[in-house]
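Data first, discussion second: the structure below is written as structure tokens.
Computation of the quantities below employed the complete heavy-atom set of this structure, encompassing side-chain atoms and omitting hydrogens, waters and symmetry-equivalent molecules.
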Amino acid sequence: MNSDAFIPSYGLPGNYVALLQRSLYDFRMDFCDLIVGMEKAEISPRPVVGAIILVSGLAVSFLLWLLYVHHASADFAGRWMFLPALNALLNGLCAIALCMGLYFIKHDNWKAHRTSMLVAFAFSSAFLVSYIVNHALHGDTIFPGHGSVRTLYLSILASHVILSMVALPMVLTTFFFSLTGRFAMHRRIARVTFPIWLYVSITGVVVFVFLKAYAY
């Protein structure tokens with residue numbers, strides 16, 4: 001039975017429900033065709049990896065500008081204050097999806113592993129958008145703690161920021177090798193990408209907890 005039949009109608013006319021079902025089906029088929037096409041395509045990895053590194057460098061440069069050069073407008077002070085909590089939530093959900101992906105691959109469930117990792121990537125992408133919006137509106141938050149607590153916080157923050165810069169090109173490269181069927185290279189780089197990505201996601205939550213306790 002088609003799973004689209006279980007989409008609730010919420011009182012919508014039948015033609016709208018049918019249109020929604022058809023749109024979801026087409027999206028799934030197009031996405032599957034995209035993945036299959038990438039797996040079959042003979043794409044040279046060097047220019048793609050080079051492009052990934054270039055794009056990642058530009059993205060990191062923009063984020064550094066946003067953090068240390070851009071000055072937020074005072075008009076947004078006290079507004080949209082849910083964004084830091086949303087960032088922590090997205091990081092936490094990404095960490096859960098990553099752990100699920102690890103569990104599935106350990107049990108040779110390739111389809112569930114791929115789905116989990118795509119979900120983790122979606123959460124990380126949503127986090128990046130929310131993070132940019134938050135810092136564009138509110139600027140950087142100064143940690144007011146002192147002593148050993150401040151030292152611990154800055155150590156975690158520094159490792160989080162540095163490894164997040166490393167994680168971006170590694171995650172994209174790992175996905176490229178997977179989606180193009182280069183599974184030997186995928187497994188090799190994933191052994192390094194996974195712990196870095198998981199650490200960045202978890203420490204993102206830890207940084208929020210510190211700021212929640214001392215700054216927010």
For the residue pair [X] and [Y], what are the closest heavy atoms and their distance?
X      : Y      : result
Pro195 : Arg191 : CD-O, 3.2 Å
Ala88  : Val205 : O-CG2, 3.4 Å
Ile52  : Pro169 : CG2-O, 3.6 Å
Arg150 : Gly145 : CD-O, 3.2 Å

Separation between [atom1] of [X] and [atom2] of [Y], rounded to the nearest 0.5 Å:
X      : Y      : atom1 : atom2 : result
Phe82  : Asn134 : CZ    : CG    : 9.0 Å
Ser201 : His160 : OG    : NE2   : 8.5 Å
Ile196 : Leu163 : CD1   : CG    : 6.0 Å
Leu63  : Leu58  : CG    : CG    : 11.0 Å
Ile156 : Thr151 : CD1   : OG1   : 11.0 Å
Arg182 : Arg187 : CZ    : CZ    : 14.0 Å

Under a single-linkage definition using a 4.5 Å side-chain heavy-atom cutoff for Ile, Leu, Val, Met, Phe, Trp and Tyr, are [X] and [Y] assigned to the same hydrophobic cluster?
X      : Y      : result
Val133 : Val60  : yes
Leu64  : Val55  : no
Val149 : Leu152 : yes
Leu211 : Ile142 : no
Ile202 : Met170 : yes

Could you give the side-chain donor-acceptor pairs of residues 89-110 under 3.5 Å, partners two or more places apart or in another chain?
unit_1: Asn91; atom_1: ND2; unit_2: Asn87; atom_2: O; d: 3.4
unit_1: His107; atom_1: ND1; unit_2: Tyr103; atom_2: O; d: 2.9
unit_1: Asn109; atom_1: OD1; unit_2: Ala112; atom_2: N; d: 3.2

ask   = What's the verdict on side chain to side chain contact (heavy atoms under 4.5 Å, CB included) for Phe143 and Leu157, showing C-alpha distance, side-chain angles and the deciding distance?
value = CA-CA 11 Å; Phe143 183 72; Leu157 178 63; over 6 Å; no
inquiry  = Just to verify, which of Leu172, Leu54, Thr173 counts as forming a side chain to side chain contact (heavy atoms under 4.5 Å, CB included) with Val49?
reply    =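 It is Thr173; the other options fail the test.
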Contacts under 3.5 angstrom, residues 117-129 side chains, donor-acceptor by atom type, not counting sequence neighbours:
unit_1: Ser124; atom_1: OG; unit_2: Ala120; atom_2: O; d: 3.4
unit_1: Ser124; atom_1: OG; unit_2: Trp197; atom_2: NE1; d: 3.0
unit_1: Ser125; atom_1: OG; unit_2: Phe121; atom_2: O; d: 2.8

task = Evaluate the ring planes of Phe210 and Tyr153, with Trp represented by its six-membered ring, and classify them as parallel (under 30°), tilted (30 to 60°) or perpendicular (over 60°).
result =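 Tilted.
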Partner set under side chain to side chain contact (heavy atoms under 4.5 Å, CB included) for His135, not counting sequence neighbours =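 His135: side chain to side chain contact (heavy atoms under 4.5 Å, CB included) contacts with Leu66, Leu67, Tyr131, Asp140.
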inquiry  = For Lys111, is there any backbone N or O sitting under 3.5 Å from a side-chain donor or acceptor partner on Thr115?
reply    =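 Yes: the side chain of Thr115 pairs with the backbone of Lys111.
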